[in-house]
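Worth saying up front: this structure is predicted, and the values here are computed from it rather than measured.
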Amino acid sequence: MIEDRLASLLAEWIDSNRPDEFPATLPVHVARRDEIRTRPCVVLNTSESKPVPAMPHTARVKLDVHLFSQVDDTPADTHAEWAGKLVVLLRGKAAIQAALDSDTFVLHDLLDRESVTSPDEARGRESVLSYEAVVSAI
């Protein structure tokens, strides 16, 4: 599926190009319902794939990049810094495209959408960085 391919490739890229301020132990995951995750972590989740009629094998995919942290382990300032570093990292579209594009996959664009940070139910924090990715895959 085009969504799974996007999430997997981008998770690998984020992990390989993590900002210096990210601890080496901060894992980058692709969302799976049955997966148990420790905090802090980054989770990529795709949804709402819509075909682009004029371009075969191309879709607009809603992509959410979640940053989870625990209140007891990660100060609010550190969480905010990490979220900011993710935003900066994902603004580097040219570098992402150069790394992800291949004969069978093309990232045409990664468009910023609304992002939010809020407390969650487990005494933690969650920042959701929302994007729309335009991708082709065969």
- Item | Flag, side chain of Arg18 to backbone of Pro23, donor-acceptor distance under 3.5 Å | yes

- Any residue meeting salt bridge (charged side-chain N to carboxylate O under 4.0 Å, His left out) with Asp109, in chain and number order, not counting sequence neighbours: Lys93

- same_hphob_cluster(Val42, Val61) at 4.5 Å side-chain heavy-atom cutoff: yes

- Note on the structure: Nearest heavy-atom approach of Ser127 to His79 is OG-NE2, 2.8 Å

- Task: Measure the shortest side-chain to side-chain distance between Asp73 and Arg39 over non-hydrogen atoms and say whether it is less than 4.5 angstrom.
- Result: no

- Item | Donor-acceptor contact present, side-chain Ser130 to main-chain Glu114, <3.5 Å | yes

- Task: Examine Leu89 and Val87 and state if one hydrophobic cluster contains both, with Ile, Leu, Val, Met, Phe, Trp and Tyr joined whenever side-chain heavy atoms are less than 4.5 Å apart.
- Result: yes

- Message: If we ignore hydrogens and angles and just use 3.5 Å, is the side chain of Ser16 paired with the main-chain N or O of Ile14 as donor and acceptor?
- Response: no

- Roughly how far apart are Leu44 CG and Leu9 CG, rounded to 0.5 Å? 11.0 Å

- Flag side-chain contact, heavy atom, 4.5 Å: Ser49 against Ile2: yes

- Message: With clusters defined by side-chain heavy atoms of hydrophobic residues (ILVMFWY) lying less than 4.5 Å apart, directly or transitively, does Leu6 cluster with Val134?
- Response: no

- Interatomic distance, CH2@Trp82 vs CG@Leu26, rounded to 0.5 Å, equals 5.5 Å

- Query: CD of Glu132 to CG of Asp112: how many Å apart, nearest 0.5 Å?
  - Reply: 11.5 Å

- Query: Between the main-chain N or O of Leu107 and the side-chain N or O of Asp101, is there a donor-acceptor pair closer than 3.5 Å?
  - Reply: yes

- What closest approach, in Å, do Ala137 and Arg5 show between heavy atoms, and which atom pair accounts for it? CB-NH1, 4.3 Å

- Heavy-atom closest pair (Ala7 atom, Val30 atom, distance to 0.1 Å) is O-CG2, 3.6 Å

- Message: Do Val135 and Leu100 make a side-chain contact, defined as non-hydrogen atoms from C-beta onward lying under 4.5 Å apart?
- Response: no

- Of all heavy-atom pairs linking Pro75 and Arg125, the shortest is C-NH1, 4.0 Å

- Under 4.5 Å between side-chain heavy atoms, hopping through other hydrophobics if needed: is there a path connecting Tyr131 to Val43? no

- Residue pair Asn17 / Ile96, side-chain heavy-atom distance below 4.5 Å: no

- Distance from Lys50 atom NZ to Lys62 atom NZ, nearest 0.5 Å? 10.0 Å

- State the CD-CG distance between Glu3 and Asn45, to the nearest 0.5 angstrom. 10.5 Å

- Query: Is Val106 linked to Trp13 within one hydrophobic cluster, defined over Ile, Leu, Val, Met, Phe, Trp and Tyr using a side-chain heavy-atom separation of less than 4.5 Å?
  - Reply: no

- Message: Show the nearest heavy-atom pair for residues Phe22 and Leu86, with the distance to one decimal.
- Response: CZ-CG, 3.6 Å

- Residues Leu67 and Ala83: closest non-hydrogen pair is CD2-N, 3.5 Å

- Query: Say you draw a straight line from CZ of Arg113 to CG of Leu129; how long is it, rounded to the nearest 0.5 Å?
  - Reply: 14.0 Å

